[in-house]
Each structure stands twice: as structure tokens, then as C-alpha cells.
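All values reported here derive from a predicted model rather than from experimental measurement. Chain letters run A, B, ... following the sequence lines, proteins first and then strands; every chain starts at 1.
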Amino acid sequence: MVVKVYGPAFASPKRVLVCLIEKEIEFEAVPLDLLKGEHKDPEFLKLQPFGAVPVTQDGDYVLYESRAIIRYYAEKYKSQGTELLGKTIEERGQVENWLEVEAHNFNPHIYNLTLQVMFSSKLGFSRDENVIKESEEKLGRVLDIYEERLSKSKYLAGDFFSLADLSHLPFTQYLVGQIGKEYMITSRKHVNAWWNDISSRPSWQKVLQLYPAPL
Amino acid sequence: MKVHGSPLSTSTQRALACFYEKDIEFHFVNVDMGAGQHKSQNFLSLNPFGQVPAFEEGDLKLFESRAITQYIAQEYTDKGTQLLLSGSKDTMAVLQLWKEVEAHHFNPPSTKLVFELFYKPLFGLATDTAVVEENEAALAKVLDVYEARLAESKYLAGDQFTLADLHHLPNAHYLMGSSAKKLFDSRPHVSAWVADILARPSWFKVLDMQKQ
């Protein structure tokens with residue numbers, strides 16, 4: 001069964017795409033134009049009642065929430081492709097720890113930057129420079145903690161690449177690209193080495209090549 | 001094993017509810033947040049973000065309440081309440097989905113409401129009614145989705161109480177004691193669900209810790 005992934009142009013669905021490629025799982029991308037509000041269509045809301053991307057459809061089996069989807073496929077195909085959850089329950093604990101850090105400490109600030117810098121004019125509201133400044137400062141403090149962590153281990157959960165790293169790819173790509181704040185990564189030695197490592201993975205390069213950003 | 005936190009912190013309460021459900025003995029280390037202990041060098045070595053809770057078991061150090069509960073539920077599957085669905089990977093994924101819904105849809109507006117309606121009055125600060133209105137509207141939309149879901153199954157991930165429900169306990173508790181209670185009361189399935197989960201003995205034990 002080929003897995004359908006809705007909304008490939010956008011950042012959160014890319015978490016799923018890069019995971020499926022790492023796990024060598026066949027999929028089909030279903031484009032959706034969020035800027036036209038296609039994610040609020042009644043048909044789509046039947047799949048995802050909150051009206052957000054991504055959604056995956058595997059036969060009758062529908063899932064949403066990118067970090068739930070990547071956990072599912074990483075577990076279901078544990079012995080296929082790249083191991084993304086660690087080998088032991090203790091390693092898995094660290095993967096969960098840093099996935100939560102990504103979701104609750106890293107993502108809110110980088111998401112605000114993305115919304116304000118990249119999408120505000122498209123979505124018809126004006127950039128709020130205070131929000132941008134504040135988000136940048138807070139993200140900087142989070143990255144300082146990453147710098148410390150990555151001086152001790154090559155990846156966030158330990159010396160192995162995992163979902164915890166993978167989950168950072170889409171929005172960090174915006175940060176060094178369209179958002180224009182590459183310095184936040186390059187000025188931190190270990191964060192920079194980590195970013196160069198994870199963003200040069202063939203899986204991520206393939207996602208970027210196949211599904212360009214909407215802007 | 002050690003849990004560092006504060007009985008007044010909702011994230012600490014989330015982790016503690018899990019320990020009680022799993023019937024696991026732990027040593028609780030009170031972090032005096034009023035005195036800034038969560039920003040001390042000692043504590044930062046447990047959690048570099050300077051937030052509670054933090055968890056230690058031998059060499060394993062974890063933070064982030066939802067990562068701690070996931071680890072405990074998985075490592076101690078044979079103890080206490082089964083908080084993960086033991087069936088197929090598909091049912092497990094539905095559980096993960098509802099955990100993410102809690103973290104990304106329920107938690108943001110409910111946390112802001114708890115801050116405005118509980119913590120601010122507690123510390124003698126004025127509640128911002130505009131913030132309350134905005135977040136009540138946001139939470140109402142989320143609870144509409146919950147109402148539809150809970151019409152189909154008793155709990156969020158299926159017919160069994162799981163981590164997906166447990167993670168709601170702290171914020172649901174404070175909201176049920178505030179003017180935001182109406183958002184739950186007006187939705188019959190949500191109302192029955194929240195009454196059910198708040199009546200769990202594990203939750204009473206968490207509340208008891210505040211009295212100590």
C-alpha cells in the first residue's frame with residue numbers, strides 16, 4: 001500500500017516525507033494549497049478535523065500530527081531503512097526527550113518567525129517587528145542550549161541520528177534560507193556542524209528537490 | 001528514581017499522575033521555584049532549559065513531562081495501569097496522534113487560560129479578560145473536535161484510559177475550577193470524559209501532594 005501524504009510543499013508535512021524516505025517506504029504526495037484555504041474544505045476536514053497538514057492515508061488508515069506520524073512509521077518499519085528511534089528503551093527515552101524539546105522549546109519561536117517573515121503578506125496581516133525580535137532572542141537562547149548539548153554528543157539524543165534531529169529539518173531550512181537568519185546556526189560551532197550533517201542527508205536533499213517551498 | 005519538580009506546576013503534576021498510575025515508587029525532590037532553584041547550576045545540569053520537572057534513574061536523565069511519561073509507560077509496561085495500547089502499531093499510532101493533539105491543540109489555549117484564571121489570581125495579579133476571551137474561543141473549537149471524538153469512544157485513543165487522556169489532567173483540573181468550566185459542561189461527552197478522568201485515584205494523590 002502506498003502512503004498518501006497531503007501538503008508536501010509545507011514544512012510540517014516535510015517531517016513526514018523525510019522520515020518515509022529514510023525508512024524506504026513508498027509514498028504518493030498529494031498537493032494542497034493552504035494559501036487558498038484548501039485545508040479548510042469539508043472533504044479535507046473529514047480527514048483532519050483541525051484543518052491542518054500533514055495527513056497521511058494508508059488505505060483506510062488515516063493519521064495526522066506530523067510527530068505522531070513519524071513515530072508510527074519509524075516503529076512500524078523498525079527493521080527497514082534507517083533506525084530512527086534508538087536501539088534501547090533508554091535511547092528511546094532520549095529521542096522522546098529531544099522530540100519534545102523540538103516541539104515545545106524550539107518550534108514555537110521558529111514557527112513565529114516563519115509566519116511573520118515568510119507568510120504575513122501572503123496571509124494578509126502585517127509583520128510585527130516586536131514578535132520577530134522576541135522570537136529571534138528566544139530561539140537564540142534555545143540554540144545556546146543546543147550548542148552545549150551538541151558539544152557532548154554528535155546528535156541531540158546521543159551519538160545516533162534520530163527522529164529528534166529529523167524533526168528540526170523543515171523549519172531550520174527556512175531559518176537559513178527564506179527567513180535569512182543563517183547566522184543563528186553558523187555562529188554556533190557545534191550547532192553548525194550538526195546542521196551541515198543532518199541537512200546534507202540524501203533523504204532531505206531529495207525532499208527539497210522534489211517539493212519546493214510554497215514561497 | 002527521582003522526580004524533581006513543584007507540586008504547583010502543571011507539568012510536574014502530569015509526570016506525577018503517571019507515576020501514581022504505574023504504581024512506581026519514586027523520590028520527590030521539591031524545587032523551590034519561588035527561590036529560583038530551577039535556574040540554579042545544580043538544576044540546570046538536570047534540565048538545561050531550567051524548567052520542571054526533571055527525572056533521574058541511574059545515569060538516565062530526562063526532562064519534558066511528556067517524554068518522561070512515555071518512558072515510564074514503556075519501560076514499566078507490566079506495572080499498574082496499562083497506559084499505552086498494547087494492541088497493534090495502528091492503535092498505538094492513534095494514541096500518539098491524540099497525545100500530539102493534546103500537546104499542540106489543547107495545551108496552548110488551556111495553558112494560557114490556567115495562567116489567567118488560576119495563577120494570576122493566586123499571585124495577586126489582574127486577569128486579562130481579552131486574553132481569556134481569545135483563548136476560550138480557541139479552546140471551544142478544540143473541544144468541538146473532542147466532543148465528536150468522544151461520541152465514538154469513551155477515551156481519546158479508544159475504550160481505554162491512556163497517556164493521551166492523562167496528559168490533560170492538570171489543565172483540565174484548573175479549568176474545571178474556573179469560569180472556563182462552561183466550555184466542558186456544555187458538551188455532554190467532553191463533560192462525562194473530564195469527570196471520569198479527574199476522578200482517578202492517581203489524580204487525587206497528585207492533589208494531595210500540594211497539601212504536604
Whether over 12 other heavy atoms sit under 6.0 Å from [X] [atom1]:
X        : atom1 : answer
A:Lys189 : NZ    : no
A:Tyr111 : OH    : no
A:Lys78  : NZ    : yes
B:Lys39  : NZ    : yes
A:Glu26  : CD    : no
B:Asp32  : CG    : yes
B:Lys182 : NZ    : yes

At what distance, to the nearest 0.5 angstrom, does [atom1] of [X] lie from [atom2] of [Y]?
X       : Y        : atom1 : atom2 : value
B:Lys89 : A:Tyr77  : NZ    : OH    : 10.5 Å
B:Gln96 : A:Glu65  : CD    : CD    : 11.0 Å
B:Thr77 : A:Ile89  : OG1   : CD1   : 7.0 Å
B:Phe49 : A:Phe106 : CZ    : CZ    : 10.5 Å

Are B:His105 and A:Phe50 side-chain neighbours, meaning at least one heavy-atom pair lies under 4.5 Å?
-> yes
Quick one: what part of [X] sits under 4.5 Å from any heavy atom of chain B, side chain, backbone, both or neither?
X        : answer
A:Asn105 : side chain
A:Gln94  : both
A:Tyr64  : both

Please work out which of the three classes, parallel, tilted or perpendicular, describes the rings of A:His104 and B:His104, given edges at 30° and 60°.
-> parallel
Report the relative orientation of the aromatic rings in A:Trp98 and B:Phe63; use parallel for angles under 30°, tilted for 30 to 60°, perpendicular for over 60°.
-> perpendicular
In terms of side-chain heavy atoms, does B:Asp90 have a donor or acceptor partner in A:Tyr72 at a distance below 3.5 Å?
-> yes
Closest approach of [X] to [Y] (non-hydrogen atoms, all atoms of both residues):
X        : Y       : answer
B:Leu60  : A:Glu90 : CD1-O, 4.0 Å
A:Ile145 : B:Pro48 : CD1-O, 3.3 Å
A:Leu63  : B:Val94 : CD2-N, 4.3 Å

Among the options A:Glu100, A:Glu148, A:Glu96, pick out the one with the most heavy-atom pairs lying under 4.5 Å from chain B.
-> A:Glu100
Identify which part of [X] has an atom lying under 4.5 Å from any heavy atom of chain A, answering side chain, backbone, both or neither.
X        : answer
B:Lys61  : backbone
B:Ala103 : both
B:Gln51  : side chain
B:Glu75  : both

Answer yes or no: is there an ion pair linking A:Arg71 with B:Glu100, defined by an N-O contact shorter than 4.0 Å?
-> yes
